[in-house]
Amino acid sequence: MDDYTIGVLTNVGLFSFLALSAYLLLVVGEMSFGQQAFFGVGAYAGGVLTALYGVSLPLAALGAMALGALAALAVGLPTLRLKGLYFAMSTLAAAEMARILFELLIFQKTVGGETVGPDGTQGFRGIRWVFERGVEPVEYLAIIYALLAAVLIALLLIERSRLGAVLRSVGSDSELASALGVNVGRLKLGVAAAAGALAALGGVLYAHHNTYIEPRNFDIMLGVHSLAYALIGGLGTALGPLVGVALDIGALEGSQVFGGTRMIVFGGLVAVLLILRPRGLLDERAVQWIKARFS
Amino acid sequence: MDKSALFLILGAAALPLHAQGIKAELDCRFTGTDFVYDCVVHLARGGAPLAGAQVSIGADMPSMPMAHNLKPVKAKPGAKPGDYEARLDLEMTGEWALKLRLAGPVRDQLVLHYEFDEKGARPALRRSGTPPRK
Amino acid sequence: MAALLSIQDLVTAYGKIEALKGVSLEVAEGSITCLLGPNGAGKTTLLFTTAGVLKPRSGTIRFAGKDIAGHPPHRIVRTGIALVPENRLVFPQMTVIENLRAGAYQRSGAGEIEADIDRLMQRFPRLRERAAQDAGTLSGGEQQMLAVARALMSRPKLLLMDEPSLGLAPLVVEEIFRIISDLHRDGTTILLVEQNAYMALQVAQHFYLIEQGKVTFSGDPGSLEQDEVIRRAYLGTARR
Amino acid sequence: MLDLAQNTLDGLALGASYSLLALGFTLIFGVLRRMNLSYGPAVLFGCYCATWTHLNFQAGLIALAVVTIAATVLAGAYVERLCFAPHRRGSAVAAMVASFALWMQIEEVAMLAMPRHIYPFPQLFEGAPLQFAGLSLPGDALVMLAATAAVCVLLHRLLYRSRFGLAVRAAIDNPLAASLAGIDLARTFVLVFALASAIGGLAGYLIVASHGQVTPMLGMWSTLKGLLAMMLGGLGSLPGAVLGGLALGLIEAHSQWFFGPQARDLVAYLLLFALLAARPAWMTRWTTIRSAS
């Protein structure tokens, strides 16, 4: 595979973490415009841990995920009792605040004779942990997809378990679910934390792939895209968001057929697709239909 | 695959061994046809020109870098050592994040920000994401 | 008397579930025709289909000679049919007067409309007292009167009424049925869906019994003993 | 003290543009109960069409305003037909995501047609700012305030004194009752969408003419500001949209003065977040929001 194909597949993998993060909240009926903030938290935390403190990537990833989960709780605690559009707007506000805080974040150390670390709007260069260990692009791609596979397996197992059913019940009618004894508040917070950690994991991997991050990478466009991928792909299964990402970045971007006009084609395609399948490609009905075919 | 599996398991916490910082500068000239620029990359390490590297240049938009990126271009070694030439075909003017991927004597990746216009390109003055108020 | 409204083999479904399984009935001009039947028999579906809110799957609805099946609600209102829906649909954040004006949305001639409003105010004195109030602040009975008055503002030839006495105090129910008889006296044709079979049969000239989306009986109030009708309406017509 | 007054004045002028944007947003949300993410991009499309006209023909200020408004209404109609008409009875989320997809599309069309990063736009008011009592009010700010006041008055008269206004308010209050009263909901929604787009086009023109430049950021910027102002004013209420816009303008003007440009937006978002988290009753007294999905 040439460098470009590896690059596109890596982007698909990285974006999938973010789309899955948005998907998790959608399953419990909450629409978040802010998962890109936790993606950014993961990127900055992971970058600082490896570039400034020499922590190994796996350890740094765990640290970043923990921080992502904490950040998600900090946003979720005051807002998760909000409904629909109010919750969505609070996540948007929180994420834009995070982006501006990244712009104000200046925290540098001299390591090996160079000053390294976040420098506000100048961004954060030199996250070279992966390059210094001579990891080939195709190997890093394998790591990303191994982690993605692990996350997917976990999600698909949860979906089949009792917890999966409870999550979907909260998503379809949270009043009814709480009437049946589900602690909706605590459950939604748990899901928000998990979604935050998942986005942070994607962030760490992105930072080390790109070796440079800046606040503008984590703007509202990223958040709206990840939400759209989950909704276009369909909420029936954890594979749905991946279909959304693969459709846009994989097919259209990768094909370069449309070149500059890719967004025009993607925009029109999605609008028409949503008319035919308002709940996305792999919605609940499609998943039942497929299960019926194969079980 | 051994190297990546190795460090996944080991996760050894090692001091970040830093390849000496590589500096890169870019001179680009507008070729006359829309958004196509002829560029020369000057690579230096510790002050001395870095010759003999394989350089490929990709370009991303600062916002949504994972969705907007153009096919990377392989640069040809230029006249002087440490110089590499490449023709960049961008979709539009404005600020681009150029991703230089180096292989050969040193493996690294640098990201440079340049503002492209009708004449050529100059380092982008970094302003915040929030649009400035008049 | 010629039939003002005649419905033939009307089928309306919600997705796969057929709420009306081929209903045929007629409403004679100037009459009060009553539709009785247990909950979920399809009474409201029939009114919604006639008023155009629901699209029928098949069958015809002939009104004053024209087939209006499937037409959108705003065109059906223009042909002269007005629906007073279940649980008193009003515009809660608009005043009583504005609710009435909305009812006359399709009519032109401001003078005539204001005259109609005054006439209705005489017929419904309670509405005159509340004229400038938001409809949402009215009592159940007052809202029901407002809903009827608003429907009358479009000067309908046929008035469809969906359980006007639902959830109202007995005294108010008396008043509602007095209004229905007055409307009948003034020549308005009424198709009345009503739970309160006893009161409905007092005013109706003809009635239909509907169960699980099918008409199972039709006749004049005299043709069956009152209790027999009520027994059938609510205990079903299971063969003994 | 003088600075406080000057900042307040600047804040009101800035807030006026936000109010116009929020009015357009709220009209669509109030009637359709739907969120239109293509609202800003439609305004961008309008402004780009005006810029194209300006670059190729000698067009006066009024002509450019008309082109902006007309093009915005055109883009708005396109969005309405493809994203909102098909989902009228369906899910609000599908409509919103479809409007997001068209946001991408419209912005890409605009940027491909005119790829330069920044385009000059004829200044609304060349003269020196108005000076009184030690305060200065630039001409375009004055026009912005006047335009916003005019739109508020006209909109109020339209809604409370015209037959169309009665239909719009009835559709907002109770769509089923409205259709039973003989109001053609489909036609009302299309007309309201056009009205909201026209207001957005006017706002876009005034913003671009007072800045004297057009950038591709205008689409996202106006969507965010309109949304923010609408939420601040209490979702779905037209007076709330105007007040929310002015409040946002004041917050930004004062926080920029005290803490600098970055803090300006930080304070605005922080305030919205705190407001939403605390969620005082007055924010929802006007509408009950069924969950968006």
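Source: prediction; values computed, not measured. By convention in this document, chain letters (A, B, ...) are assigned in the order of the sequence lines, proteins followed by strands, and residues within each chain are numbered from 1. What you see below is based on every heavy atom in this structure, not just the backbone, and it leaves out hydrogens, waters and symmetry mates.
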Considering residues at least two apart in sequence or located in another chain, which fulfil the salt bridge (charged side-chain N to carboxylate O under 4.0 Å, His left out) criterion with A/Asp283?
A/Arg277
So CE of A/Met89 and OH of D/Tyr269: to nearest 0.5 Å the spacing works out to 10.5 Å
Calculate, to the nearest 0.5 Å, the distance between atoms CG and CG belonging to A/Leu92 and D/Leu224 respectively.
6.0 Å
Between CE on residue D/Met96 and CG on residue A/Leu85, distance to nearest 0.5 Å:
8.0 Å
I'd like to know whether CZ of A/Arg285 has more than 12 heavy-atom contacts from other residues, nucleotides or ligands below 6.0 angstrom.
no
Chain D: which of A/Val270, A/Leu82, A/Leu80 shares the most heavy-atom pairs with it under 4.5 Å?
A/Leu82
Any donor-acceptor pair under 3.5 Å from A/Arg279 side chain to D/Ala94 backbone:
no
With the side chain counted from C-beta on, respond yes when A/Glu96 and D/Asp265 share a heavy-atom pair under 4.5 Å apart, and no when they do not.
no
Members of residues 68-79 of chain A whose heavy atoms come closer than 4.5 Å to chain D:
A/Val75, A/Pro78, A/Thr79
With a 4.5 angstrom heavy-atom cut-off, which part of A/Leu274 approaches chain D: side chain, backbone, both or neither?
both
Check whether D/Leu228 gets within reach of chain A through its side chain, its backbone, both or neither, counting any heavy atom under 4.5 Å.
neither
Under 4.5 Å from any heavy atom of chain D - which part of A/Ile220
side chain
Contacting region of D/Met111 [heavy-atom separation from chain A under 4.5 Å]
neither
Can you spot which of A/Leu227, A/Val224, A/Leu231 makes a side-chain contact (heavy atoms from CB on, under 4.5 Å) with D/Val97?
A/Leu231
Over all heavy atoms of both residues, which pair between A/Ala271 and D/Ala101 is shortest? Give the atoms and the distance, please.
N-CB, 4.2 Å
Do A/Met31 and D/Met35 come close enough that some side-chain heavy atom pair is under 4.5 Å?
no
Between A/Leu26 and chain D, with a heavy-atom cut-off of 4.5 Å, which part of the residue counts as in contact: side chain, backbone, both or neither?
neither
What part of D/Leu271 lies closer than 4.5 angstrom to a heavy atom of chain A: side chain, backbone, both or neither?
neither
Part of D/Met104 within contact of chain A (heavy atom distance under 4.5 Å)
both
Give me the atom names and distance for the closest heavy-atom approach of D/Gln105 to A/Ile264.
NE2-O, 2.9 Å
Chain D heavy atoms under 4.5 Å from A/Ile232: which part of the residue, side chain, backbone, both or neither?
side chain
